[in-house]
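All values reported here derive from a predicted model rather than from experimental measurement.
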There are 2 protein chains.
Amino acid sequence: MAHDHGMPADLTRNQELVLGALNHAPAPLSAYDILDKLRSEGLRAPLQIYRALDKLVERGLAHRLESLNAFVACADAHCHRKGLIAFAICEACGKVDEFADEVIEERLGAWAKDTGFKTERTTMEIRGKCAACLKAAA
Amino acid sequence: MAHDHGMPADLTRNQELVLGALNHAPAPLSAYDILDKLRSEGLRAPLQIYRALDKLVERGLAHRLESLNAFVACADAHCHRKGLIAFAICEACGKVDEFADEVIEERLGAWAKDTGFKTERTTMEIRGKCAACLKAAA
DNA sequence: GCGGCGACGTTATGCTATAACGTATTCAAG
DNA sequence: CTTGAATACGTTATAGCATAACGTCGCCGC
């Protein structure tokens, strides 16, 4: 497959459009960025975007990056990755790398257990420069 | 000391006021929350708050919580904690617990080394319910 | 003195997100 | 069939978060 943008079949039109926009973007998009890309499709209001994003995030098809107030498509289009996901965000090119680490997850779990905290959601975001940009700058 | 709010002596008036507001708050405050608390001191514009916050965060006296768009005083008023800090935010009472974990730091460092990513800043925020609130709800 | 620097104050503006309302569609139970 | 719940939709208005751009002031070293 040259371009794997397979999406679940049961998305609504708006959800499909929003996910499509995220899939084709090389970097995270804000809700308003997405709106601008989709005006030609008839979308007009921020709420149309936010509502679609809520569903997509809920289903694990997209992620919200808290430190950017922006969104990305899930790196793995097929499976909803379980557990904690970390994001590495390049401040030069904007690309986002997504990874999981069981050890980190286990450490956070241990901390929660020790303190009696009930975790509902965890965000981990690393800002910096990716290898490609470092190389290009050298 | 009953109430340890010792601050560095070289803060400007605005920085002192803002840090004071954060120190006395039981939960994170948004910049506008702070502004409202400080109107009686003569502060009027958001920028006055944001400028002070920038400096405080830069010096490690306060932290920004990305997932809340809000700020807290550093839990340890004296030393600027080094390295990565994780925040556990209770969605019931708003309290924030701040902790560090070398293992996590080491794992992220290893990931960065492997992929050639140069980390500049990391945010880790856990949302959930604290032990006290869980107990109260039971 | 003077020039650089950093903090300050003010106005205006831009970006991010949600409230509140009503409508359209689907679908299953009665 | 039809009625009611559930869900998505569209629109307008508004709330909440953050910064641009300008000029001023006071400090300090030269």
Exercise. At under 4.0 Å between heavy atoms, what does B:Ala31 touch on the DNA or RNA strands: base, sugar-phosphate, or nothing?
Worked result: nothing

For this session: For A:Tyr50 and C:dT18, say yes or no: do the ring centres fall under 5.5 Å of each other while the ring planes differ by less than 30°?
Result: no

Counting only side-chain N and O atoms of [X], is one of them less than 4.0 Å from OP1 or OP2 of [N]?
X: B:Ser30; N: D:dG16; result: no
X: A:Arg13; N: D:dC9; result: no
X: B:Asn14; N: C:dA7; result: no

Using whole Å, what does the distance between atom [atom2] of nucleotide [N] and atom [atom1] of [X] come to?
X: A:Tyr32; N: D:dC17; atom1: OH; atom2: P; answer: 14 Å
X: A:Leu53; N: C:dT18; atom1: CG; atom2: C1'; answer: 14 Å
X: A:Gln48; N: C:dA20; atom1: CD; atom2: P; answer: 20 Å
X: A:Leu47; N: C:dC21; atom1: CG; atom2: C1'; answer: 12 Å
X: B:Ile49; N: D:dC17; atom1: CD1; atom2: P; answer: 13 Å
X: A:Lys55; N: D:dA8; atom1: NZ; atom2: C1'; answer: 9 Å
X: A:Glu66; N: C:dT16; atom1: CD; atom2: C1'; answer: 12 Å
X: B:Leu35; N: D:dT19; atom1: CG; atom2: C1'; answer: 15 Å

Salt bridge between [X] and [Y], side-chain N to carboxylate O under 4.0 Å?
X: B:Asp10; Y: B:Arg59; answer: yes
X: B:Glu66; Y: B:Arg64; answer: yes
X: B:Glu120; Y: A:Arg127; answer: no

For this session: Let me know, please, whether B:Leu43 or B:Pro46 comes out on the 5' side of the other along DNA chain C by nearest nucleotide.
Result: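 Result of the comparison: B:Leu43.
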
Problem set entry | Plane angle bin for A:Tyr32 and A:Tyr50 - parallel if under 30°, tilted between 30 and 60°, otherwise perpendicular |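 Perpendicular, since the angle between the ring planes exceeds 60°.
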
For this session: Would you state whether a donor and an acceptor, one from the side chain of B:Arg51 and one from the base of C:dG6, lie under 3.5 Å apart?
Result: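 In this structure, the two groups form no donor-acceptor pair.
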
